[in-house]
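The shown structure was predicted, so the numbers you read here are calculated from the model rather than taken from an experiment. Just so you know, ligand 1 is whichever comes first in the structure, and atom 1 is the first atom listed for that ligand.
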Amino acid sequence: SPPVLNRFQALRQLLLSPDLSFLMEAHNGLSAKIVEETGFQGIWASGLSISASLGVRDNNEASWTQFLEVLEFMADATSIPMLVDGDTGFGNFNNVRRLVRKLCDRGVAGVCIEDKLFPKTNSFIGDHQPLADMEEFCGRIRAGKDSQTNDDFSIVARVEALIAGQGMDEALRRAEAYHAAGADAILIHSKRSSAAEILSFMEHWGQRCPVVIVPTMYYATPTEAFREAGVSTVIWANHNIRAAISAMRDVTGRIHREQSLAGLERDLPTVKDIFRLTGQDELNEAEKRYLPVR
Ligand code: SPV
Ligand code: MG
């Protein structure tokens, strides 16, 4: 049987394996558990989703340590690897160094950093987002790689050139520079409703290193097209927070209208299900072992 991989090795393998892999968004410990028990091999800890779940904007309004607290709950709640959305790295190379060390400490298998400036703006907002200087961003990648305290920690460099309207040549130039700076994979992002520019990037890039994509806006593209293009990993980036919003609106609206729980109960997971998800049984067993018998 194959050797059991730790989480750092598992993410590395997911990125390097020739098969198409998938990361599913989660934004807290509970959603991370649901992603794991559904059978996903890895978690995307989305900045947008975690921010939204805290009721703030995806503009680094939550501090990086507040973000880290959420990530710690997510990592503790699961055993599959997590790729964390590290936004810009929360500053310059020095902030990236501290971030990477803390993520390694907490069992987070990898971080994605994007070539923009702190405080970041979500890629789907506005037209002309300023990009980081390419050399400066390479320094952030090198500093991150030099700071990882686990050899198998991964840094994914996210290229925002297409988002910023700077064209394919600039996207390829930056991807090449970030790869040379030591990035373990490139995330190429697009806000188009067609995957054409992503597929074109794949063609030009070849297989120089693993490529990660986020088909939020080109959602109608068949997954087979990504497989055929040689994409390493697809991130389903925000679909649990969006599902949570519709589920919460639905139940809150019904209770508000009906002023009763009678018609609702059978449509919801039971309280027992919550106990199961959070491992209540384990505590009951532990109490037998550790509490004095009275
Ligand atoms: C996120 O999920 O926070 C991402 C992906 O970074 S996106 O929202 O498409 O920028
Ligand atoms: Mg993000």
Side-chain angles (χ1 to χ4, degrees), residues 11 22-28 31-32 35 40 42-64 66-68 70-71 74 81-91 95-96 99 103 108 110-132 137 140 154-166 171 174 178 183 185-195 197-198 201 211-221 226 231-245:
L11 179 64
F22 302 96
L23 298 176
M24 178 68 194
E25 172 258 314
H27 49 272
N28 56 25
S31 54
V35 169
F40 276 97
I43 297 165
W44 168 246
S46 156
L48 172 66
S49 303
I50 292 173
S51 300
S53 74
L54 296 171
V56 297
R57 290 167 284 217
D58 189 17
N59 294 76
N60 298 124
E61 289 185 337
S63 73
W64 78 278
Q66 289 173 323
F67 189 60
L68 200 63
V70 176
L71 300 177
M74 293 171 72
M82 188 154 76
L83 178 65
V84 160
D85 181 357
D87 290 342
T88 60
F90 304 99
N95 304 89
V96 173
L99 176 67
L103 292 176
V108 171
V111 70
C112 177
I113 54 172
E114 62 200 45
D115 56 355
K116 295 200 301 218
L117 303 170
F118 180 91
K120 59 78 58 75
T121 304
N122 184 273
S123 301
F124 303 138
I125 295 172
D127 280 335
H128 293 102
Q129 298 208 3
L131 295 184
F137 189 72
R140 280 186 241 171
S154 297
I155 296 190
V156 177
R158 168 164 157 179
V159 175
E160 290 277 294
L162 301 177
I163 295 285
Q166 299 212 7
R174 283 174 175 260
Y178 304 161
I186 295 295
L187 189 157
I188 183 70
H189 205 13
S190 168
K191 59 183 176 185
R192 303 266 173 89
S193 59
S194 133
E197 66 182 4
I198 291 294
F201 177 91
V211 175
V212 181
I213 63 168
V214 187
T216 300
M217 290 301 171
Y218 48 100
Y219 58 84
T221 308
F226 305 142
V231 169
S232 157
T233 303
V234 172
I235 294 176
W236 312 120
N238 51 42
H239 303 81
N240 267 325
I241 191 75
R242 288 163 67 188
I245 291 169

So, is S49 polar-close to ligand 1, with some N/O to N/O distance under 3.5 Å? no

N/O separation below 3.5 Å, W44 to ligand 1: yes

Could you tell me if S123 and R158 have a donor-acceptor pair between their side chains, going purely by distance under 3.5 Å? yes

Residues in side chain to side chain donor-acceptor pair (under 3.5 Å) contact with S154, at least two apart in sequence or another chain: R12

Under 4.0 Å from ligand 1, counting heavy atoms only, is it the side chain of R158, its backbone, both or neither? side chain

Which atoms of ligand 1 are found less than 4.0 Å from any heavy atom of A237? 2 (O)

Using distance alone, determine whether G47 and ligand 1 share an N or O pair under 3.5 Å. yes

Atoms of ligand 1 less than 4.0 Å from S123 heavy atoms? 10 (O)

Return a yes/no value for N122: is any of its N or O atoms, backbone included, closer than 3.5 angstrom to an N or O of ligand 1? yes

Please report whether ligand 1 has a polar contact with H189, defined as an N or O pair separated by less than 3.5 Å (distance criterion only). yes

Would you name the N/O/S atom of D85 that lies closest to the Mg ion (ligand 2)? OD2

Using a 4.5 Å cut-off on heavy atoms from C-beta on, say whether the side chain of L103 contacts that of L71. yes

Minimum-distance protein heavy atom relative to atom 2 (O) of ligand 1: S46 OG, 2.7 Å

Mind checking whether L48 contacts ligand 1 via backbone (N, CA, C, O), side chain (CB onward), both or neither, at a 4.0 Å heavy-atom cut-off? both

Hey, are T121 and Q129 close enough side-chain-wise for a donor-acceptor pair under 3.5 Å? no

Under 3.5 Å: donor-acceptor pair, side chain of N60, backbone of K120: yes

NE2 (H239) and CE (M24) are apart, to the nearest 0.5 Å, by 7.5 Å

If only atom types and distance count, is the side chain of R140 paired as donor or acceptor with the main-chain N or O of I113 below 3.5 Å? no

Within the distance-only criterion (no hydrogens, no angle test), does the side chain of D87 pair as donor or acceptor with the backbone N or O of F90 below 3.5 angstrom? no

Applying a 4.0 Å heavy-atom criterion (strictly less than), which segment of E25 is in contact with ligand 1: side chain, backbone, both, or neither? neither

